[in-house]
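Any value given below was found using the heavy atoms of this structure, including those in side chains, with hydrogens, waters and symmetry copies removed. Lettering of chains follows the sequences in order, A, B, ..., and the numbering in each one begins at 1. Predicted, not measured: the structure shown is a model, and the values here were computed from it.
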There are 4 protein chains.
Amino acid sequence: MLNRVILIGRLGQDPELRHTNSGVPVCTFSIAVDRPQSSQQRQSGAQKITDWFTIVVWQKQAENAARYLAKGRLVAVDGRLQSRSWTDQQSGQKRTAIEVVAETVRFLERSEQSGQPGDQAPAGGGFSYGQEISFPDGENPDDLPF
Amino acid sequence: MLNRVILIGRLGQDPELRHTNSGVPVCTFSIAVDRPQSSQQRQSGAQKITDWFTIVVWQKQAENAARYLAKGRLVAVDGRLQSRSWTDQQSGQKRTAIEVVAETVRFLERSEQSGQPGDQAPAGGGFSYGQEISFPDGENPDDLPF
Amino acid sequence: MLNRVILIGRLGQDPELRHTNSGVPVCTFSIAVDRPQSSQQRQSGAQKITDWFTIVVWQKQAENAARYLAKGRLVAVDGRLQSRSWTDQQSGQKRTAIEVVAETVRFLERSEQSGQPGDQAPAGGGFSYGQEISFPDGENPDDLPF
Amino acid sequence: MLNRVILIGRLGQDPELRHTNSGVPVCTFSIAVDRPQSSQQRQSGAQKITDWFTIVVWQKQAENAARYLAKGRLVAVDGRLQSRSWTDQQSGQKRTAIEVVAETVRFLERSEQSGQPGDQAPAGGGFSYGQEISFPDGENPDDLPF
DNA sequence: TTTT
DNA sequence: TTTT
C-alpha cells in the first residue's frame with residue numbers, strides 16, 4: 001500500500017539501456033551503498049560492508065541515465081521496491097529478484113566528461129548537474145525485456 | 001551512503017523468531033505490498049499485483065514482533081535495504097537476497113486476539129495498537145542465523 | 001533536489017475542501033503524529049508529545065480526501081515538504097509555513113460510517129479501505145486559495 | 001507514529017552551534033531545496049522555486065556539522081519532522097515552526113577547504129567526504145536553547 | 001539565505 | 001561491480 005525507497009550510492013558499472021517489445025526504453029544499473037560504520041569499527045580496521053542494488057528506470061529518464069551516468073558516478077534514487085519472480089530454467093527452482101524502480105534519479109556529481117565518445121549533454125543546458133532525470137512512468141504496460 | 005525504505009503491507013505468514021549463536025533474537029516475516037492500480041485498471045478487472053518483501057527485525061522488537069504480529073496483520077516498516085549474497089550449494093551459483101532490516105515496525109491494526117495461546121500483551125499497556133515496537137539495533141556483531 | 005516525507009497520523013479535524021480561482025480542488029487537513037516514547041518514558045508517566053502537520057492534497061485526491069476522511073481517521077501520507085512565505089498583515093512580519101504536499105494518501109482504517117450526512121462511498125467499491133486516493137498533480141499552476 | 005523526512009539541498013548560511021543549559025550541543029542550519037521543474041518550465045524561463053528548511057542536529061553530529069559544513073555545501077539529510085509552538089511575545093499570537101531533526105547528515109561534496117580558519121578535519125581521516133556524521137540522539141531531555 |  |  002505504501003512503498004518508498006531512497007538510496008544514495010555509486011554505479012558499479014555503466015548503465016545498460018534496453019527496449020521493451022513495444023519500444024519503451026528501460027535502463028538498469030547497479031549501485032553500491034556503503035553500510036554505515038561506527039567510528040569504532042572504522043578505527044578497528046573492520047572491513048567496509050557494501051550493499052548492491054539494481055535500479056530500473058523507464059522512458060525518458062532511462063535514456064537520460066544511459067546517456068549521462070557512468071560507472072563510479074554518485075546518484076540519489078527515489079522510487080519503489082519491486083519483486084520479480086521467475087522459474088530458473090536450469091534448476092527448475094523458483095527465484096525472486098528485488099529491484100528499485102526509480103521515480104527520480106539525481107546526479108550528485110558533475111560528470112566532468114562523457115564516458116563514451118559521442119555522449120554529449122544537449123545544447124542549451126537541457127541536462128545538467130543535480131537535475132532530475134524526468135518523471136516516472138508508473139504504469140508500464142510492457143514487461144521488462146529481461 | 002543513504003539507505004531508507006518505508007513499506008506498509010500485510011504479513012503473509014506468522015513471524016519466525018530465531019536466535020544468533022550468541023543468543024541475539026532475530027525475527028523475520030514477509031509482507032505483501034499491493035502495487036497501486038489506476039482506477040482504470042481496477043475497472044477493467046486487471047488482476048492485482050502484489051510485491052513480497054522479507055522483513056528482518058532484531059533484539060527487543062524481534063521478540064515483540066514474534067509475540068504480537070500474525071499472518072494477515074497490517075504493519076508499517078521503516079528501515080534500510082540490505083543485500084546478502086551466498087553460493088547456492090545445489091547449483092554452485094552465486095545468489096543474492098534483498099531484505100528490509102527494520103528500525104521500527106508499527107502495528108496498524110489492533111490485534112483483537114493473540115494468534116498463539118499464551119500470547120498476551122504485557123500488563124500495564126506496555127504494548128498497544130499503533131505503538132512502535134522498540135528501537136533498532138543497527139550494529140549486530142552476529143550474522144543472520146539462516 | 002530530493003524531497004520526500006512519509007507520515008502516519010490521525011486527522012485532528014475534518015478535512016477542508018477549497019478551490020483555486022480556476023477551479024482546481026485543494027483539500028487541507030492536519031494530522032497528529034505521536035513522537036516515539038521509550039518504554040521508560042511511558043512507565044514514568046511522561047506526557048505524550050504530539051507533532052501536528054498540515055497536509056495539502058490536490059485535484060481528485062482532494063475530493064476523495066474531503067469525502068472519505070474525517071476527524072480521528074488514521075492515514076499514511078507520502079509526499080514532499082513545501083515552505084510558503086508571506087508577510088503578516090497585522091505585524092508586517094515575514095512568516096513561513098511548512099506543509100506536506102501529499103502525492104498519495106492512504107486510509108489505514110475502514111471508515112465504518114460517513115462522518116457527514118450524504119457522504120457515501122461510490123457504488124462498485126470505487127473507494128475503499130487501504131486504497132490510494134489517486135495520483136498527485138505535481139504541477140499546479142494556481143496558488144493556494146488561502 | 002511514523003515520521004520520516006529525506007532531503008537533499010544546500011546550506012544557505014554557515015551552521016550555528018549552540019548548547020542546551022545542560023551542555024548538549026545542538027547545531028542548526030537551513031538548506032535550500034529546489035522544487036523540480038519540468039523541462040517545459042525551464043525552457044519557458046519560469047523562475048526556479050526554492051523551499052527552505054531548518055535542520056537541527058544534536059550531540060556529536062552537531063559538532064561535526066558545525067566543523068565541516070559551510071554555506072553552499074550540498075548535504076543529504078535523513079530525519080524526522082518536528083513541530084514547535086510558542087507564543088510570540090510581541091503580538092501574543094501562537095506560532096508554530098516546523099523543523100527537520102536529522103538522524104544522519106551526509107556531506108555530498110568534498111569540502112575542498114575549511115571555510116573558517118582553524119577548521120581542520122581530524123588527523124587519521126576521522127571525518128571525510130561522504131561520511132555519516134554520526135548517530136542521532138533521539139531523546140533529548142533538554143529543550144532547544146532558542 | 002544556497003548552488004549549477 | 002563503485003567510491004573516498
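Taking atom CD of residue Gln37(D) and atom P of nucleotide dT3(E), one finds them 18 Å apart after rounding to whole Å. In this structure, CD1 of Ile31(A) is placed 16 Å from P of dT4(F), rounded to the nearest angstrom. Between the CE atom of Met1(B) and the C1' atom of dT4(F) there is a distance of 10 Å, given to the nearest Å. Ile55(D) places its CD1 atom 17 Å from the P atom of dT2(E), with the value rounded to the nearest Å. When the C1' atom of dT3(F) is taken as reference, atom CD of Glu109(D) falls 16 Å away, rounded to whole Å. If you measure from atom CG of Asp34(A) to atom C1' of dT4(F), you get 9 Å, rounded to the nearest angstrom. dT3(F) atom C1' lies 11 Å from atom NZ of Lys71(A), rounded to whole Å. Straight-line distance from the CZ atom of Phe107(A) to the P atom of dT2(F): 20 Å, rounded to whole Å.
Partners of Ser83(C) under the side-chain hydrogen bond (donor to acceptor under 3.5 Å, both in side chains) rule, at least two apart in sequence or in another chain, are Asp51(D). In this view, Thr54(A) satisfies the side-chain hydrogen bond (donor to acceptor under 3.5 Å, both in side chains) rule with no residue, not counting sequence neighbours. In this structure Lys94(C) satisfies the salt bridge (Lys or Arg N to Asp or Glu O under 4.0 Å) test with no other residue, sequence neighbours excluded. For Thr87(C), the side-chain hydrogen bond (donor to acceptor under 3.5 Å, both in side chains) test picks out no residue, with sequence neighbours left out. Residues satisfying the side-chain hydrogen bond (donor to acceptor under 3.5 Å, both in side chains) criterion with Ser44(D), sequence neighbours excluded, are absent altogether.
Which of dT3(F), dT3(E), dT1(F) sits closest to the side chain of Arg10(D) comes down to dT3(E). Set against dT2(F), dT1(E), dT3(E), the side chain of Gln13(D) has dT1(E) as its closest nucleotide.
Annotation: side chain of Thr96(B) is not in contact with side chain of Trp52(A) (no heavy-atom distance under 4.5 Å).
Annotation: proximity of residues 47-54 of chain D to DNA chain E (heavy atom, distance under 4.0 Å) is found for Lys48(D), Thr50(D), Trp52(D), numbered in ascending order.
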